[in-house]
Amino acid sequence: MSAAARAIDPAPAEATLAYALRWRVRGLTPGAHRGADTGPTGAFRRLVPFERSPDARRLDLRASLRDPFGGLYVRQFEQRSAAAVQVLIDTSASTAFDGGHGSAWSRAIALTRYVADAAGSIGDAFGLVAGAATAAVERPPLRQRANAALDALDRHVPQGRSIDALIDAARTLGLRRRLVFVLSDFAFAPAALATLLEALAAHDVVPVRFGHDALTRLPRYGLAELADLESGRRRLVWIRPALRTRWLAAEAAHREAVAALCRRYGQPLLDLPGALDVEAVSRHLLER
Amino acid sequence: MTAATDWLLLRPWALLLLPLALLPWLYAGRHVSAWPWSGALPADPASAWLDRVLRVLGSLAIAAFVLALAGPGLRGEQVERISTGARVAMVIDRSGSMNSTFAGRAPDGGEESKAAAAKRLLKAFVTRREHDRVGIVAFSTSPMFVLPMTDRHAAVQAAIDAIDQPGLAYTDVARGLAMAFDLFDARDPVASEAIVLVSDGAAVIDRRVQEKLRAAFASRPLHLYWLFLRTERSPGLFEAPADPREDTPQRMPERHLHRFFESLGVPYRAFEADSAAELAAAIATIDQAERGEVRWLEALPQRDLSPFAFALAALACALLAICKSFEVRIGPPLPVLRP
């Protein structure tokens, strides 16, 4: 993050994001996560016969002497490896809606900066795809600083109606497992989300929903002309207790359908209806 | 009574504005609430119908305003009316002597003037005969056209009210009668038509004028009544003077006018009244005699219908205003302005 961007960042300077992975990283690059490979140093993992790992420097004398058959044993340690973090941001027009705590889009950018900082600080590669029907901002997973891509995010204005760009990006992520953040307001049909999660089946996905409290504050009576941000269609709604109940139930059903879909794919949904709370994100990432 | 051709538009070019009625279908003019996604909004036919109704109301308000601007109306027309009564032309003397009493004095508190008595009784006559058509001519030095033949009793009463205003000097009966002929407009063979001459004196009628009047009466079979308001001690209509040399039109104009009327050959009666009671009896007699079928064409004025169009537009606007007051903006709260 540039010095200028940090100066205007409303979040306190000490707030940082932390994440842990649920799997052992395969990869040769040294890093901060528990790796699948064994290495010369780190946390003790197991003892193996000398023949499998002929390294006399790691010889475990106590274990070798204890063997009645006189075999020699060597200690093996966990290799610390670097992982790759990918952020997929939905930039459809609905994310521009500001319910009082900032739009989903601005909160997604803020969280992306935290993720980029966290990845950079522990040496993980950071990749980014933002788009709706087509990708607007793309960055391959690299260890370099992501300032150019983050500045491009700031300049972009949400528009478009689908998440096809995210689905395409998910299909081209490759076979190596990554930590994938999906940042969206999930204001689309659950079928599209199912397609996205299917394409991300090989990866560790963190779906984050930036919802709005304002959408549930409906008056008991009134006439409201709604303008759908994505389709632009106008619709008059005669709000009355019967319709209000049905409407709130339908909204709740949609929220629950998204959460249930995420659960079914084993990737619990993080709901952030209010202002961005980085500590809540960290807690979710460490507890899941 | 009303045919399709009776409609009219005063300013038809104003209808060029009628396409403006399509505006509510292009622009609703409501508070718009931005909404991220209406996919989870349940379908609601009532809302959709309300939307249509509001747009129809908007179109209706604009169309009604345009129509009101165009000035719709019903053409004026002539309606034939038939009733029992008569067509009466009142020829009323306005000479100065009418303002004195029957006794020939200026009226004081106790006794009313001849004009006041005539006014009171003629008004009672007109009130009793509500289907009559009445026209009024006054005369003194020259005839005055007061009221055309009409069945509007308010106008007749007002015209009779005016006859006890102070009058002028002379009494020109002949020209008053000639003008009374003009009051009878269309010829109706069934109608009973009468001229009621109310005067307290007469004048000599020129021989040539006499001929013209005779021709006029011959052309029109109407009844003639003369209410002669006789002042006390003045010569009457009927008695011949003792001295035959005094029996000249110049000395006794009333008697000679009476004889002239008798010679016209139309139904004619003269009433010589020297008190208000006798005048009332004379009027009652006329009331009895003049009953027949009258028919006439009444002109109905053109009717302006634009108030109805304005009322329709106002009603539509009022309904729209009520719905407007229920309009709400939902979603995010409006930003708070901090000083």
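Lettering of chains follows the sequences in order, A, B, ..., and the numbering in each one begins at 1. What you see below is based on every heavy atom in this structure, not just the backbone, and it leaves out hydrogens, waters and symmetry mates.
- For the options A:Ala187, A:Ser94, A:Ala104, heavy-atom pairs under 4.5 Å to chain B are most numerous at A:Ala187.
- For the set A:Ala249, A:Ala93, A:Ala250, the entry with the most heavy-atom pairs within less than 4.5 Å of chain B is A:Ala250.
- Only the side chain of A:Ile239 has a heavy atom closer than 4.5 Å to any heavy atom of chain B.
- Interface remark: A:Leu215 contributes backbone and side-chain atoms alike to the contact with chain B (heavy atom separation under 4.5 Å).
- Classification of the B:Phe65-B:Phe310 ring pair by plane angle, with boundaries at 30° and 60°, yields perpendicular.
- Atom CG in A:Leu276 sits 6.5 Å away from atom OH in A:Tyr114 (nearest 0.5 Å).
- In this pair, A:Phe97 and A:His212 present their aromatic rings perpendicular. The plane angle is above 60°, beyond the 30 to 60° band.
- Counted by atom type alone, B:Gln157 and B:Thr127 present one or more donor-acceptor pairs between their side chains at under 3.5 Å.
- Interface remark: A:Arg233 contributes no atoms to any contact with chain B (heavy atom separation under 4.5 Å).
- For A:Arg235, the part lying near chain B is the side chain, with the backbone staying farther off; criterion is any non-hydrogen pair under 4.5 Å.
- Contact annotation for A:Asp228: both backbone and side-chain heavy atoms come within less than 4.5 Å of a heavy atom of chain B.
- Taking both residues in full, the closest heavy atoms of B:Asp161 and B:Lys123 are given as OD1-NZ, 2.8 Å, listed atom of the first, atom of the second, then distance.
- The cationic group of B:Arg52 lies under 6.0 Å from the six-membered ring centre of B:Trp49 and within 45° of the ring axis, placing it in a cation-pi geometry.
- Interface remark: of the candidates A:Thr216, A:Asp185, A:Asp98, A:Asp98 forms the most heavy-atom pairs closer than 4.5 Å to chain B.
- For the set B:Leu41, B:Val32, B:Leu50, B:Asp51, the entry with the most heavy-atom pairs within less than 4.5 Å of chain A is B:Leu41.
- The backbone N or O of A:Leu272 lies less than 3.5 Å from a partner atom in the side chain of A:Arg107, making a donor-acceptor pair.
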